[in-house]
Amino acid sequence: QLKKYDVGKGEQIPLLQEVVEAVNQRAVLNIELKAAGTPGPVAQLLKEYITQKNADPKKFLISSFDHFLVKEFQQYAPEIPTAIIFEGNPIKRAQMATDAGAQTAVLQYKWISPEFIKDAHARGIKVYGYTVNDAQTAHTLQ
């Protein structure tokens with residue numbers, strides 16, 4: 001349905017398959033699951049691409065604010081890394097990532113603390129921050 005829309009100057013919204021092929025493993029592609037029913041088809045598309053192109057599954061990161069979608073995705077493609085995204089600043093964030101089976105926790109950079117990083121890293125969880133809009137903040141987070 002989205003392919004029907006002109007988003008300006010004749011351009012169309014690309015299908016996920018078109019994006020995967022355009023990126024062609026030159027960068028890690030973070031695919032955010034938005035709704036129920038998406039984990040299976042996304043996993044199938046990526047598994048086919050990985051098989052056909054002999055691609056590295058680590059060139060993809062599947063993420064979602066809906067942690068249940070991440071857990072469901074892992075049932076289809078456990079070889080592809082996953083991340084949970086936090087909308088708020090909950091208690092036991094690293095434990096939540098572990099419970100969801102995710103390898104990464106993604107949260108607003110202002111909520112990242114040394115204590116959280118220590119807890120996450122002790123569990124083997126990577127920490128990514130979002131809404132970093134300036135070089136100074138990015139440098140501080142390194």
With a 3.5 Å cut-off and sequence neighbours excluded, list the donor-acceptor pairs that the side chains of residues 4-11 form with protein atoms.
residue	atom	partner	partner atom	Å
Asp6	OD1	Gly8	N	2.6
Asp6	OD1	Gly10	N	3.2
Asp6	OD2	Gly10	N	3.3

Could you give the distance from CD1 (Ile84) to OG1 (Thr104), rounded to the nearest 0.5 Å?
9.5 Å
Quick check for you: to the nearest 0.5 Å, what is the distance between Thr131 atom OG1 and Tyr109 atom OH?
8.0 Å
Does Leu69 belong to the same Ile/Leu/Val/Met/Phe/Trp/Tyr cluster as Phe86, with side-chain heavy atoms less than 4.5 Å apart forming each link?
no
Listed pairs under 3.5 Å, donor-acceptor, residues 49-57 side chains, sequence neighbours left out:
residue	atom	partner	partner atom	Å
Tyr49	OH	Asn24	OD1	3.1
Thr51	OG1	Lys47	O	2.9
Asp56	OD1	Lys58	N	2.9

Euclidean distance, Ser63 OG relative to Ile31 CD1, rounded to 0.5 Å:
9.0 Å
Linked, directly or transitively: Ile80 and Tyr76 (ILVMFWY side chains, under 4.5 Å):
no
Evaluate whether atom CD of Gln12 has more than 12 neighbouring non-hydrogen atoms of other residues, nucleotides or ligands under 6.0 angstrom away.
yes
Residue pair Gln74 / Thr82, side-chain donor-acceptor N/O under 3.5 Å:
yes
Excluding sequence neighbours, so at least two apart, what forms side chain to side chain contact (heavy atoms under 4.5 Å, CB included) with Glu18?
Lys3, Pro14, Leu15
If you round to the nearest 0.5 Å, how far is NZ of Lys126 from CD1 of Ile117?
14.5 Å
dist Thr98:OG1 -> Lys92:NZ (nearest 0.5 Å) comes out at 12.0 Å
Aromatic ring proximity, centroids under 6.0 angstrom, Phe116 and His121
no
What about Phe73 and Phe65, same hydrophobic cluster or not, with Ile/Leu/Val/Met/Phe/Trp/Tyr joined at side-chain heavy-atom distances under 4.5 Å?
no
